[in-house]
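Written out below as structure tokens is the structure these notes cover.
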Amino acid sequence: MTQGFRDDFDRLDLGRWYVSDGWTNGPHQDCTWSRRAVRVQGGMLRLTHLPGGGEKPRPLCSEIRTRGFVQYGLIEARIRTPRGSGKNAALFTFSKPSGKGPHDEIDIEILTRNPAEASFNTFVDGKPAQGGVVPVDPPFDKAFHIVAIDWAPDRIRWFVDGRIVHETTPGIELPTHPQQLFLSFWSTTTLTDWMGRQDANAGPLDYEVDWIAWTPQGADCLFPQSLACR
């Protein structure tokens, strides 16, 4: 995507976004991606986790991704998460959604067992590096926060509410391949040391995205509040 965009989610633009539906990403994920769990309401994208039970034995979870690819630039989003152990509310980039090719990735993850923290990470050729966790006050379940990834060839910086909270070490190997942009909310019953044990009856829970923007490197800023306008 050589042209930038800001999506205020007055509707779900299916020309821009692909909705994951009908599968899981592996045994670590106990829920099934479902378009039933994705909706736009009141100018807000709501990615929902629906607990299992009755005629729906598996929980349903939610994910959208851009149809186009991004490479070097600024990703910004205004988000709020729920609180609930065993779940992950994420904004990230990923280079191999088809399962083929190199695995590059840049992550922002809110492990909703503790929405007072944000986690950041990169993957290069499938290997994690440059991870970090920072406190966020008030927690994501109490207030919206603007999170951002500034991806350049020589460094990556992560922001919360306009403040740099994490950045890569100079000279470290970084993701280089074009990647799709993802928003997802999912759960586990196996990665409990990382994400916590979930309450199977909790929910439905919503991960809310007020807006998201992508500004390619070197492009004019798209709106006055963007970090690209600095």
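Keep in mind that this is a model prediction, so the values were computed, not measured. Residue numbers count from 1 along this sequence.
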Does a donor on one side chain and an acceptor on the other come within less than 3.5 Å for Q29 and T24?
no
Checking the side chain of W151 only, and the main-chain atoms of P175 only, is there a donor and an acceptor separated by less than 3.5 Å?
yes
Does a donor on one side chain sit under 3.5 Å from an acceptor on the other, for W17 and D7?
yes
If we only count heavy atoms from C-beta on, is the E208 to F144 side-chain gap below 4.5 Å?
yes
Might you work through the side chain to side chain contact (heavy atoms under 4.5 Å, CB included) test for L181 and I75, ending with a clear yes or no?
CA-CA 9 Å; L181 174 57; I75 300 159; 3.9 Å; yes
What's the spacing between Q41 CD and R46 CZ if we round to 0.5 Å?
5.0 Å
Using a 4.5 Å cut-off on heavy atoms from C-beta on, say whether the side chain of V165 contacts that of F120.
yes
Look only at the side chain of W33 and the backbone of V19, and say whether a donor-acceptor pair between them is shorter than 3.5 Å.
no
Check whether any side-chain heavy atom of P59 sits under 4.5 Å from a side-chain heavy atom of L50, and report yes or no.
no
Output the distance between atom CZ (F140) and atom CD (E117), rounded to the nearest 0.5 Å.
10.5 Å
Assess the pair H103 and F94: is the distance between their ring centroids shorter than 6.0 Å?
yes
Salt-bridge test for R155 and D150: reply yes if a basic N is under 4.0 Å from a carboxylate O, no otherwise.
yes
With rounding to the nearest 0.5 Å, note down the distance linking CG in D125 to NE2 in H177.
8.5 Å
Can you find a heavy atom in the side chain of W211 that is under 4.5 Å from one in the side chain of D8?
yes
Review item, side-chain donor-acceptor pairs of residues 166-174, under 3.5 Å, at least two apart:
| residue | atom | partner | partner atom | Å |
| --- | --- | --- | --- | --- |
| H166 | NE2 | Q130 | O | 2.8 |
| T168 | OG1 | I156 | N | 3.0 |
| T169 | OG1 | Q130 | OE1 | 3.2 |

Taking atom types as modelled and ignoring hydrogens, do the side chains of E63 and S20 form a donor-acceptor contact shorter than 3.5 angstrom?
yes
Going by distance alone, is a donor N or O of one side chain under 3.5 Å from an acceptor N or O of the other, for N121 and E105?
no
Just how far is it from atom OH of Y207 to atom OG1 of T81, taken to the nearest 0.5 Å?
8.0 Å
Residue R6 excluded, over 12 heavy atoms near CZ under 6.0 Å
yes
Could you walk me through whether F69 and T93 pass the side chain to side chain contact (heavy atoms under 4.5 Å, CB included) check?
CA-CA 9 Å; F69 286 70; T93 64; over 6 Å; no
Test item: D206 and L47 side chains (from C-beta on) under 4.5 Å apart, heavy atoms
no
Heavy-atom closest pair, residues R80 and A143:
CG-O, 3.9 Å
When rounded to the nearest 0.5 angstrom, what is the spacing between OG1 in T32 and CH2 in W186?
13.5 Å
Given the rule in the side chain to side chain contact (heavy atoms under 4.5 Å, CB included) test, do D141 and T112 qualify, once you have shown the distances and angles that lead to the verdict?
CA-CA 8 Å; D141 63 320; T112 58; over 6 Å; no
Considering only heavy atoms from C-beta outward, does the side chain of K87 approach that of P82 to under 4.5 Å?
no
Taking C-beta and beyond as the side chain, do V38 and L12 meet within less than 4.5 Å on heavy atoms?
yes
Hydrophobic cluster identity match, F123 and I108, side-chain contacts under 4.5 Å
no
Close aromatic pair by centroid cut-off 6.0 Å: W194 and H28
no
Assess, by modelled atom type and distance only, whether the side chains of T188 and T190 contain a donor and an acceptor separated by less than 3.5 Å.
yes
Heavy-atom distance under 4.5 Å between the side chains of R157 and F159, does that happen here?
yes
Output the distance between atom CZ (R113) and atom CE (M195), rounded to the nearest 0.5 Å.
9.0 Å
Under the criterion side chain to side chain contact (heavy atoms under 4.5 Å, CB included), I'd like the reasoning laid out for R65 against Q179: C-alpha separation, chi angles, the key distance, then a yes or no.
CA-CA 10 Å; R65 66 175 185 249; Q179 303 177 56; over 6 Å; no
Strictly by modelled atom types, are T66 and R16 linked by a side-chain donor-acceptor pair under 3.5 Å?
no
